Amino acid sequence: IVLVFPLYELVRLAGLVNHPWGLILPYAALNLPFAVWLLTGYMQQIPYELEEAAAMDGLTPLETYRKIVLPLSVPALTTALLLVFIFSWNEFMLALTFMNRESSRTLTVGVATLSGAFAYEIPWGLLAAGIVVSTAPLIVAAALFQKRIVSGLTAGGVKE
């Protein structure tokens with residue numbers, strides 16, 4: 001909550017209030033340290049000998065990255081991508097603050113503010129439907145990438 005006011009001022013000065021980039025940039029900046037931390041442990045597990053062998057075979061550093069390192073790091077990249085997506089999807093405070101117009105609200109904020117639209121009753125059916133709709137993409141993504149998430153989370157955790 002300490003970051004909300006300074007971030008809002010930066011977003012306002014950049015003219016990005018009620019604009020998707022007003023959320024994309026802070027989300028990227030706030031989730032980048034987590035993604036780097038997650039990927040560092042995994043990347044350190046890739047044997048350097050593979051890169052040396054690729055150099056001996058005549059591959060340039062870019063080709064080595066594209067043909068050797070990148071395919072080996074797909075599980076960790078998938079895990080980082082999915083976790084950052086989930087954190088950004090579920091984020092509420094910045095979305096509520098930076099998106100003032102009803103037309104530019106995120107789904108999470110829209111569902112949370114749905115109950116305030118009715119004067120003396122709580123629309124339980126609408127709230128339940130909104131929650132199911134808002135969690136469906138997360139459940140589908142987690143189900144599709146389940147194997148890669150588990151291998152990506154466990155691969156960088158053991159030091160030899």
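For clarity, every value in this text was computed on a predicted model and none was experimentally measured.
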Problem - Any side-chain heavy-atom pair of Leu38 and Val84 under 4.5 Å - result: no

Handout entry: same_hphob_cluster(Met56, Leu59) at 4.5 Å side-chain heavy-atom cutoff
Key = no

Practice task
Flag the pair Leu10 / Leu25 as yes when at least one side-chain heavy-atom distance between them is below 4.5 Å, and no otherwise.
Solution key: no

Handout entry: 4.5 Å side-chain heavy-atom contact, Leu39 and Ser73
Key = no

Handout entry: Cluster overlap Phe145 with Leu138, hydrophobic side-chain contacts below 4.5 Å
Key = yes

Exercise for the section: Please find out if less than 6.0 Å separates the ring center of Phe87 from that of Phe34. Expected result: yes

Handout entry: Leu72 side chain near Leu50 side chain, heavy-atom distance below 4.5 Å
Key = yes

Handout entry: Path from Val17 to Ile24 over hydrophobic side-chain contacts below 4.5 Å
Key = yes

Handout entry: Short side-chain to backbone donor-acceptor contact, Ser88 and Phe85, under 3.5 Å
Key = no

Handout entry: Residue of the set Thr106, Leu7, Leu16 for which side-chain contact (heavy atoms from CB on, under 4.5 Å) holds with Phe98
Key = Leu7

Problem - Side chain Asn18, main chain Arg101, donor-acceptor under 3.5 Å - result: yes

Practice task
Would you name the heavy atoms of Pro26 and Leu94 that are closest together and state the gap between them?
Solution key: CB-CD1, 4.2 Å

Practice task
Indicate yes or no: at least one non-hydrogen side-chain atom of Ile68 is less than 4.5 angstrom from one of Glu51.
Solution key: no

Handout entry: Hydrophobic cluster membership, Leu23 vs Leu3, 4.5 Å side-chain cutoff
Key = yes

Handout entry: Co-membership, hydrophobic cluster, residues Val4 and Val11, 4.5 Å side-chain
Key = yes

Exercise for the section: Could you grab the distance from atom OG1 of Thr40 to atom CD of Gln45, nearest 0.5 Å is fine? Expected result: 11.5 Å

Fill in the blank from the handout: Heavy-atom closest pair (Tyr65 atom, Pro71 atom, distance to 0.1 Å) is O-CD, 4.2 Å

Exercise for the section: For Trp89 and Ser134, indicate whether the former's side chain and the latter's backbone hold a donor-acceptor pair under 3.5 Å. Expected result: yes

Fill in the blank from the handout: To the nearest 0.5 Å, atom CZ of Arg12 lies from atom OG1 of Thr97 at 14.0 Å

Completion exercise
Taken to the nearest 0.5 Å, the spacing of Thr78 OG1 from Gln146 CD works out to 13.5 Å

Practice task
Would you indicate whether Glu9, at its atom CD, is surrounded by more than 12 heavy atoms from other residues, nucleotides or ligands within a distance under 6.0 Å?
Solution key: yes

Problem - Spacing of Ile86 atom CD1 and Glu91 atom CD [to the nearest 0.5 Å] - result: 14.5 Å

Problem - Beyond-backbone contact of Leu77 with Tyr42, side-chain heavy atoms, under 4.5 angstrom - result: no

Completion exercise
Closest non-hydrogen contact found for Pro33 with Leu30 is CD-O, 3.6 Å

Completion exercise
Shortest non-hydrogen pair, Ala54 vs Thr64, comes out as CB-OG1, 3.6 Å

Completion exercise
Looking only at heavy atoms, the pair that brings Met99 and His19 closest together is CE-O, 2.9 Å

Problem - Between CG on residue Leu107 and CG on residue Asn90, distance to nearest 0.5 Å - result: 10.5 Å

Exercise for the section: Could you tell me which residues satisfy side-chain contact (heavy atoms from CB on, under 4.5 Å) with Phe92, sequence neighbours excluded, listed by chain and number? Expected result: Leu96, Thr108, Val109, Ala112

Practice task
Mark yes or no for whether Gln44, through its side chain, and Gly41, through its backbone, hold a donor-acceptor pair below 3.5 Å.
Solution key: no

